[in-house]
Amino acid sequence: MSILKSREVVLAVVILLLLAAIASRFPGFVAPANLARVFTDTSPLILLALGQMAVILTKCIDLSVAANLALCGMIAALLDGMGVPMPVILGAVIVMGAGLGAINGALVWTLGIPSIVVTLGTMTIYRGTIFLLTEGAWINAHQMSDAFKAIPRQVILGLPVMAWIAVAAIAGVALLMTRTALGRAFYAVGGNPHAAVYTGISVGRTQFAAFVLAGALAGLTGYLWVARYAVAYVDIAGGFELDVVAACVIGGIVIAGGAGTVAGAVMGALFLGIIKNALPVVGISPFWQMAISGAAILAAIAFNARRRDPGRIILKRAEVRT
């Protein structure tokens with residue numbers, strides 16, 4: 001059936017089957033209140049996956065998103081300790097996250113360094129900066145103001161604000177990808193950078209914009225993470241960048257660039273979020289999460305390879321970086 005060729009439909013069916021299997025042993029897991037908690041727990045992964053999707057669409061990858069999150073979260077906690085008003089803190093972390101993403105984008109654009117090399121380097125730099133700022137000290141709940149901790153936890157219409165922010169980000173990025181010239185440029189640059197140049201699209205500028213978007217979302221997520229869990233330290237969200245990339249790949253975002261959807265990225269994140277929340281419930285060691293995630297990634301890559309569209313590069317000679 002043609003409908004089963006859709007990555008999103010297949011993943012939705014897999015998620016439903018996973019929920020059904022869990023519910024057969026623990027019916028309470030699929031209760032609306034618990035599913036809302038799972039979605040809230042997965043919101044940081046969704047936010048970062050949306051930004052990573054934009055980067056991957058342009059044939060790049062950002063391994064510094066978790067370090068960006070950690071640095072912006074620490075800055076948010078430090079600003080709160082100085083008595084800075086919450087609107088200023090929120091604006092500052094988003095701008096700072098976008099700035100950190102811009103550093104990645106500028107290095108990739110102007111120097112032509114592969115994005116995986118750039119972001120491996122900046123990942124270390126960003127975490128090292130946290131240590132320099134704090135000398136390795138933690139900022140704990142009693143050092144944070146009540147207003148700082150309250151925003152992501154406040155419940156509106158049955159969902160915490162953190163979950164609503166994820167919903168808003170999903171809607172915003174979906175509009176960006178489907179209704180704007182920049183969104184179309186992301187796909188064009190990843191699908192055929194040579195042809196994109198001939199249509200007037202700057203490959204470098206488009207990749208730069210993708211890194212800025214990913215950085216801004218990481219900065220926002222940094223505040224939400226620190227405020228919700230009421231702790232900030234150097235290794236916060238350590239290794240989380242791998243979950244972000246996994247969510248994108250599982251969701252059908254093609255690593256080669258140019259293909260993928262917001263719905264796929266969100267469902268890939270939800271798949272990992274359900275696994276993470278369900279394993280302790282069903283009595284399986286959380287260490288199995290890595291094995292299950294790895295198997296899901298391999299399955300997703302195999303599925304994407306079967307649907308690969310050959311011959312996307314139709315103009316062989318062109319100056320790509322402009």
Strictly distance-based, threshold 3.5 Å: is any side-chain N or O of [X] a donor or acceptor partner for the main-chain N or O of [Y]?
X: Asn277; Y: Gly273; answer: yes
X: Trp164; Y: Leu159; answer: yes
X: Ser64; Y: Thr119; answer: no
X: Gln143; Y: Asn140; answer: yes
X: Thr42; Y: Leu270; answer: no
X: Gln154; Y: Val161; answer: no

### Query
Around atom CD1 of Ile116, are there more than 12 heavy atoms of other residues, nucleotides or ligands at under 6.0 Å?
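Open.
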Can you give the donor-acceptor pairs under 3.5 Å from side chains of residues 215-224 to other protein atoms, not counting sequence neighbours?
unit_1, atom_1, unit_2, atom_2, d
Thr221, OG1, Leu217, O, 2.6
Tyr223, OH, Phe148, O, 2.7

Counting only pairs under 3.5 Å, give me each side-chain donor-acceptor contact of residues 46-53, with atom names and distances, residues two or more places apart or in other chains.
unit_1, atom_1, unit_2, atom_2, d
Gln52, OE1, Asp62, N, 2.9
Gln52, NE2, Asp62, O, 2.7

### Query
In chain order, what residues pass the ring-ring contact (aromatic ring centres under 6.0 Å, His included) check against Phe29, with sequence neighbours excluded?
none
Quick one: does [X]'s side chain get under 4.5 Å of [Y]'s, heavy atoms only?
X: Lys276; Y: Asp243; result: no
X: Ile22; Y: Ile274; result: yes
X: Cys72; Y: Leu100; result: yes
X: Ile75; Y: Leu133; result: yes

Looking only at heavy atoms, what is the nearest atom pair of [X] and [Y], with distance?
X: Ala76; Y: Val93; result: CB-CG1, 3.6 Å
X: Pro44; Y: Asp41; result: CD-O, 3.4 Å
X: Ala246; Y: Leu272; result: CB-CD1, 3.9 Å
X: Ala67; Y: Met123; result: CB-O, 3.5 Å
X: Phe208; Y: Gly105; result: CD1-C, 3.6 Å
X: Ala70; Y: Arg127; result: CB-NH1, 3.4 Å

So, taking the atom named [atom1] in [X] and the one named [atom2] in [Y], what distance separates them when rounded to the nearest 0.5 Å?
X: Ile103; Y: Ile125; atom1: CD1; atom2: CD1; answer: 8.0 Å
X: Met74; Y: Thr129; atom1: CE; atom2: OG1; answer: 11.5 Å
X: Met162; Y: Trp225; atom1: CE; atom2: CH2; answer: 8.5 Å
X: Ile165; Y: Ile151; atom1: CD1; atom2: CD1; answer: 8.0 Å
X: Ile255; Y: Cys60; atom1: CD1; atom2: SG; answer: 11.0 Å
X: Leu107; Y: Leu111; atom1: CG; atom2: CG; answer: 5.5 Å

### Query
Among all residues two or more places apart in sequence or in another chain, which pass the side chain to side chain contact (heavy atoms under 4.5 Å, CB included) test with Val234?
Ile130, Phe131, Thr134
### Query
Mind checking what makes side chain to side chain contact (heavy atoms under 4.5 Å, CB included) contact with Tyr187, not counting sequence neighbours?
Leu57, Met177
### Query
Is Asp146 salt-bridged to Arg153, cutoff N-O under 4.0 Å?
no
### Query
When you look at Val203 and Thr58, which way does the side-chain contact (heavy atoms from CB on, under 4.5 Å) test go after all the steps?
CA-CA 8 Å; Val203 174; Thr58 65; over 6 Å; no
### Query
Does the side-chain contact (heavy atoms from CB on, under 4.5 Å) test come out yes or no for Leu176 and Leu182, once each step is laid out?
CA-CA 7 Å; Leu176 172 68; Leu182 179 59; 4.1 Å; yes
### Query
Yes or no on side-chain contact (heavy atoms from CB on, under 4.5 Å) for Trp109 and Gln207, after CA distance, side-chain angles and deciding distance?
CA-CA 7 Å; Trp109 177 14; Gln207 291 173 335; 5.8 Å; no
### Task
Keeping to residues at least two apart or across chains, list the side-chain hydrogen bond (donor to acceptor under 3.5 Å, both in side chains) pairs with something in residues 80-99.
Asp80-Ser145
### Query
In terms of hydrophobic clusters joined by side-chain contacts under 4.5 Å, are Leu16 and Leu35 together?
no
